[in-house]
Amino acid sequence: MTKNEIAEILEEIGVLLELKGENPFKIRAYGSGARVLESLESDEFEQLVADGKLDSVKGIGAALAQKIGELHETGALGFYDKLKASIAPGLVEMLEVPGLGAKKIKAIHEKLGIDTMEGLAAACVDGRVAELSGFGAKSAAKIAEGIKNREAYGKRHLWWLANEVAQPIVAGLRERPEVKRAEAAGSLRRGMETVGDLDFIVASDEPAPVMTWFCELPEVKEVTARGETKSSVRFESGLQADLRIVPPGQFVFALHHFTGSKDHNVAMRQRALERGLSLSEWGLVPADGEGTAKEKAERGESKEVADEAGLFKALDMTFVPPALREGLGEIEAAEAGELPQLIEVGDLRGAFHNHTTASDGRNTLAEMVTAAEALGWDYLGIADHSKASFQANGLDEERLLKQVEEIRALNESGRFKTHVFAGSEVDILTDGRLDFADEVMAQLDYVVASVHNAFAQDEDTMTKRIIRAVENPQVTMLGHATGRLLLRREPYKVNLAKVIDAAIANDTIIELNASPWRLDLDWRLWRKAAERGLLCAINPDAHECDGLQHVRAGVSAARKGWLQPKHVLNTWTLEQVKARFS
DNA sequence: GCCGTTTTCGGCCCGACTGTTTTCAGTCG
């Protein structure tokens, strides 16, 4: 069993233990164990298992190491099977209903004997739920509504689309006279590829009108909670948004707290406690003394900080960019002053892997170059599909070579400041051969090799297929390494550790496909791969002019992968890229 | 279940809001 499959099971065990009413810290241990596992590279993981040293990894102790080992070796775990058999799947499903947690589900199950969603819906209607102690008519109605909408409510949302909703709201908040500062926090601010909901943090001494403005936004479908300092609303799309309004002096602490991640916050609080301080959204206050953190903050006992850099400094750390706050070593690096200077959108001088109307793009070559020039880019790579992608109107040799001529002529015409590289997104055929002969590809500036069919191949076949392409000297870079479509399609089965090894050995680039639906190769793999010498290209995979903007999503993911400008081909100068491609 | 150089036991981050309660448990982040 692979490490990611094992991580999923650990995650599930955590959920099942929750429904059993287990110790919350034990539950957390399974969840964080799963995340630690996901962050390990496959070969590193294999080595640790082989050496019996899994428990040397922080967050994995003897018990988890034993269970992981068993799953890895046998593909099964008695403890997990028994646990799973003891809990009806309907109870697990109920956790998706807003307002229902483990304790309430347990009560519903034990007192009413209900273990399916249908049974629960019926009991909400006929009044049985409302009669339970701790429940009432309102809870029953809320649960019934939640069941009806659980598909829309439960799902996550693409970072890109959530950001498009969030930014106008931040701008609107900042325009209000009562608002001193406003930011979107949460996983959106950390740049996670998908987000569950939006979190807005506002500094104001006069919260009431701001709260009213927010709850009455035209796109709000439902106000699910409304208090003096916090409200929650739900939009038509099912996306939920929280607004928290705090006094200006507490803004930085609230922003940090609600940016998370949970793992990062836990580590930060522990760090504060080691210094005799208590960190919360209210402030950084002495751990001892009378009252709650909130009361201490209100008495003015909190350290004062102007911005998040000041907060980190108070804990003897350098500023940790939100992208890195995942509890994956950023605390230690910030303490040692060893955080990387992360890549920024402004570092990009161009991008590769873009399409035109010659294959399945919506804009012509000239229109795409115009758009690139408007972005101030020094170069733009065109890589239309090859003939095997007939569904995408892929180019055959004749059309390809004609396009190359067209590009060369455009460069010579001096019409654009932006230089155009002539490339192709060449299909990797099912056996790893490429869709064009070497002598055809040799006439191009560069080649992106991508898999577009036979996704169902077994891992070994797919891995060999991709490695064969990566080893081809004509291949400049590997396109969307796993073929995943976020929230829509699972990645195909491939041993990425072996692919990364082959790419490093053959000096082949792997792209970070910046399409918000792909973000592939995943950010979790980049840190170690780049440290080992893998070069990245942030490729928008644009199918229209606006698509070039997707590099922003790519940079956001690259930052989460600790990438610096030097790790990314598109930060190179035109001359450097030309030299690389020659 | 994890962790640790004041600890191998006893901690483990902290607060807002809701709905059901008459002081708080559950949920959520």
Side-chain angles (χ1 to χ4, degrees), chain A residues 10 13-14 17-18 21-34 36 54-68 79 94-108 129-143 146 153 185-188 190 195-201 207 211 223-232 240-246 250 253-254 256-274 277-285 287 291-298 327:
Chain A
L10 295 185
I13 289 175
L17 290 177
E18 206 180 337
E22 258 290 0
N23 173 355
F25 299 104
K26 185 192 271 195
I27 294 164
R28 185 205 284 168
Y30 277 92
S32 56
V36 167
L54 258 183
D55 61 357
S56 69
V57 180
K58 198 170 175 227
I60 297 179
L64 278 183
Q66 188 278 323
K67 291 186 171 79
I68 294 167
F79 168 76
M94 287 179 200
L95 280 170
E96 290 170 15
V97 178
L100 276 189
K103 299 224 169 101
K104 287 196 168 173
I105 292 172
K106 214 168 167 227
I108 288 165
V129 168
E131 283 168 12
L132 286 176
S133 86
F135 292 75
K138 276 198 178 177
S139 336
K142 202 173 155 193
I143 292 168
Y153 289 1
S187 49
L188 184 89
R190 299 202 313 280
V195 303
D197 56 18
L198 304 180
D199 295 281
F200 298 101
I201 311 296
M211 208 52 101
V223 178
T224 53
R226 180 159 182 174
E228 281 175 35
T229 64
K230 187 216 158 185
S231 289
S232 297
Q240 180 178 305
D242 296 345
L243 171 64
R244 290 181 169 81
I245 305 177
V246 299
Q250 286 155 15
F253 299 104
H256 175 266
H257 175 85
F258 290 106
T259 296
S261 66
K262 223 168 244 176
D263 289 343
H264 171 84
N265 285 355
V266 167
M268 287 288 283
R269 286 166 188 275
Q270 276 165 355
R271 194 173 171 82
L273 285 173
E274 287 163 14
L277 298 166
S278 168
L279 176 65
S280 74
E281 64 259 51
W282 287 100
L284 186 59
V285 301
T292 64
K294 180 183 173 184
E295 287 159 358
K296 290 174 191 168
E298 283 170 346

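Note: hydrogens, waters and symmetry copies are ignored here, and every other heavy atom, side chains too, is used. So you know, we letter chains A, B, ... as the sequences are listed, proteins then strands, and number each from 1. Keep in mind that what you see is a predicted model, and the values were worked out from it rather than measured.
Put simply, CD1 on A/Ile143 is 14 Å from P on B/dG26, counting in whole angstrom units. Rounded to whole angstrom, the span from the CG atom of A/Leu54 across to the C1' atom of B/dC2 amounts to 15 Å. Between A/Lys26 atom NZ and B/dC2 atom P there is a gap of 10 Å when expressed in whole angstrom units. Distance A/Glu18 CD to B/dC28 P: 9 Å, rounded to the nearest Å. Atom pair A/Leu100:CG and B/dG26:P shows a separation of 13 Å (rounding to whole Å applied). In this structure, CG of A/Leu64 is placed 4 Å from P of B/dC2, rounded to the nearest angstrom. Separating the CZ atom of A/Phe135 from the P atom of B/dT21 is a distance of 11 Å, rounded to the nearest angstrom. For the pair A/Phe200 CZ and B/dG29 P, the interatomic distance rounds to 15 Å; values are reported in whole Å.
One P atom belongs to B/dT18, the other to B/dC13, and the distance between them is 26 Å to the nearest Å. Distance noted for atom P between B/dC2 and B/dT6: 24 Å (whole Å). A distance of about 13 Å separates the P atoms of B/dT20 and B/dT27, rounded to the whole Å. Rounded to the nearest Å, the gap between the P atom of B/dG1 and that of B/dT5 is 23 Å. Taking atom P in both B/dT21 and B/dG26, one finds a spacing of 13 Å when rounded to whole Å. Spacing of C1' atoms, B/dC17 relative to B/dT23, comes out at 16 Å, to the nearest Å.
For the pair A/Ala297 and A/Trp282, the tightest heavy-atom approach, listed with the atom from each and the gap, is CB-O, 3.5 Å. Of all non-hydrogen atoms in A/Val36 and A/Lys58, the two that sit nearest each other are CG2-O, 3.6 Å. The two residues A/His257 and A/Asn265 come nearest to each other via the heavy atoms O-ND2, 2.8 Å.
Between A/Lys103 and B/dG26 there is a side-chain N or O to OP1 or OP2 distance below 4.0 Å. Put simply, A/Lys104 has no side-chain N or O that comes within less than 4.0 Å of OP1 or OP2 on B/dG19.
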> In B/S/- notation, 5' to 3', how is nucleotides 9-18 of chain B contacted by protein heavy atoms closer than 4.0 Å?
Replying inline: ---BBSSSSS
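Counting any heavy atom pair closer than 4.0 Å across all strands shown, A/Lys106 reaches no nucleic acid atom. At the heavy-atom level, A/Gly59 lies under 4.0 Å from the strands shown only through sugar-phosphate atoms. Within 4.0 Å of A/Ile27, counting heavy atoms only, lies no atom of the nucleic acid at all. When heavy atoms are screened at a 4.0 angstrom cut-off, A/Ala140 is found touching no nucleic acid atom at all. Within the nucleic acid shown, A/Ala102 comes within 4.0 Å of sugar-phosphate atoms alone, with no base atom in reach, counting heavy atoms only.
Shown here is A/Lys103, whose NZ atom has no more than 12 heavy atoms of other residues, nucleotides or ligands within 6.0 Å.
Among the nucleotides B/dG19, B/dG29, B/dG1, the one closest to the side chain of A/Phe258 is B/dG29.
One N or O on the side chain of A/Ser261 and one on the backbone of A/His264 form a donor-acceptor pair closer than 3.5 Å. Without hydrogens or angle criteria, A/Arg244 side chain to A/Asp199 main chain gives no donor-acceptor distance under 3.5 Å. Between the side chain of A/Ser232 and the main chain of A/Thr224, no donor-acceptor pair closer than 3.5 Å is present. Between the side chain of A/Arg269 and the main chain of A/Leu279, a donor-acceptor pair closer than 3.5 Å is present.
Between A/Val246 and A/Phe253, every side-chain heavy-atom pair lies at or beyond the 4.5 Å cut-off. Side-chain contact between A/Phe258 and A/Asp242 is absent, with no heavy-atom pair separated by less than 4.5 Å.
Using a 90° window around 0 for the glycosidic torsion, B/dT22 falls outside it and is classed as anti.
Between A/Ala130 and A/Asp199, the residue anchored closer to the 5' end of DNA chain B is A/Ala130, taking for each the nucleotide with the nearest heavy atom.
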Which atom pairs link the protein and nucleotides 4-7 of chain B when you take only N or O atoms and keep those under 3.5 Å?
none

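Evaluation of the side-chain hydrogen bond (donor to acceptor under 3.5 Å, both in side chains) rule for A/Lys26 yields A/Glu22 as partners, not counting sequence neighbours.
The base-pairing partner of B/dC17, taking Watson-Crick or G-U wobble contacts with both distances under 3.5 Å, is B/dG26.
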